[in-house]
Amino acid sequence: MLRAIKIYGKMKAPQLILIAFLGVAASAIIIGTSFIDSGTAAGGDDASELSSQLMIILQLVALLSFYNDKTRHLDAWLVTQSMSRRQLLLSKMFWLIIAPIAFAVFIDLFLTITIQPSDWAHAVRSNIINGAFSLLFASLVLGVSLVIGPIWQKVAGSMYLIIVFETITHTSADQMLSKQYFINDLMTSVLAIIGISLVALAISYYLVEHVGVDTEDEPVRLSYLKWPVVIFVFVSMLILQLNAAGGLLDKLLLPVILSITTFVFVFKPKLSWER
């Protein structure tokens with residue numbers, strides 16, 4: 001396992017260095033913008049903004065790096081190096097999920113302690129919360145990328161998941177970041193989020209051995225997940241539309257259109273006008 005992590009890390013070293021550089025640059029820009037706007041260095045409530053924005057940036061870059069593996073057929077080559085698919089998946093979890101989150105936490109805590117040490121407690125709190133939500137998001141995207149075949153559909157699925165995830169979790173994250181949210185409730189919520197993330201990662205770990213190389217061009221690479229994907233698109237979009245203005249028919253229109261579009265891509269029905 002350690003050998004697999006070392007091999008993948010060595011292959012991805014240039015991109016990992018680029019991710020780290022972008023993290024440092026993004027931190028400088030965010031802090032500089034905060035200083036210009038308020039006349040003071042980032043701190044207090046800005047600690048949560050810095051850590052969340054930094055984790056989002058690093059995860060998006062890591063996601064691009066993940067998709068780059070597919071375009072270069074790096075996965076196929078690594079499997080020839082006596083590396084199992086599950087070892088490869090665990091290596092990606094370490095370098096493209098855990099490492100970016102840990103790096104973002106390190107930068108945020110370092111800057112907070114250096115610039116405004118009095119805000120360290122709030123920084124720790126915000127990093128725990130943002131780290132938990134980032135882990136959940138990354139675990140879900142990993143599952144989506146594993147199940148979906150073509151690259152452009154992986155990207156489209158990830159973008160859709162980003163919109164759904166941000167909309168659904170935004171209010172919960174704000175409530176948890178609030179100082180009125182008791183520590184016991186906070187830890188319970190964080191542990192629940194981490195638990196869901198681990199379950200999602202475990203499902204991906206199980207499925208990776210059942211996804212064949214010959215299904216890379218299939219919209220959904222596992223036949224028994226085709227209907228769940230269509231249902232997920234309908235239900236998730238319906239949840240997003242419930243708070244929108246308009247009547248029931250107006251709220252159902254977009255979920256129906258998206259679910260029908262997904263159905264066509266997934267099942268590829270053949271329409272014929274011949275009798």
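If you read the sequence from its start, that first residue is 1, and numbering goes on from there. Just the heavy atoms: all of them, side chains too, but no hydrogens, waters or symmetry mates, feed the values below.
Looking only at distances, no side-chain donor or acceptor of Ser145 sits under 3.5 Å from a matching main-chain atom of Leu142. Put simply, the side chain of Trp95 gets close to the backbone of Ile5: a donor and an acceptor are under 3.5 Å apart. A distance-only check finds no donor-acceptor pair linking the side chain of Arg85 to the backbone of His210 [under 3.5 Å]. Between the side chain of Tyr8 and the backbone N or O of Gln87, no donor-acceptor pair lies under 3.5 Å.
When each of Leu54, Leu64, Ile101 is paired with Gln59, the side chain to side chain contact (heavy atoms under 4.5 Å, CB included) condition holds for Ile101 and for no other.
Ring geometry for Phe110 versus Phe106: interplanar angle under 30°, hence parallel rather than tilted (30 to 60°). Phe137 and Phe165 have tilted rings, their planes meeting at an angle from 30° to 60° on a 0 to 90° scale.
Under the 4.5 Å side-chain criterion, counting only non-hydrogen atoms from C-beta, Ile257 is in contact with Thr261. Contact of the Met237 side chain with the Lys251 side chain is not registered, since no non-hydrogen atoms from C-beta on lie closer than 4.5 Å. Taking the side chain as every heavy atom from C-beta outward, Phe133 and Met55 never approach each other to under 4.5 Å. By the 4.5 Å heavy-atom criterion applied to side chains, Phe103 and Val24 are counted as neighbours.
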Audit row: Arg125, Leu186, side chain to side chain contact (heavy atoms under 4.5 Å, CB included) steps and yes/no: CA-CA 9 Å; Arg125 179 191 182 101; Leu186 173 64; 3.9 Å; yes
Step-by-step ring-ring contact (aromatic ring centres under 6.0 Å, His included) determination, Trp227 to Phe232: CA-CA 8 Å; Trp227 273 112; Phe232 168 76; over 10 Å; no
Candidate pair Phe267 and Val230, rule side chain to side chain contact (heavy atoms under 4.5 Å, CB included), full reasoning: CA-CA 10 Å; Phe267 288 95; Val230 176; 4.1 Å; yes
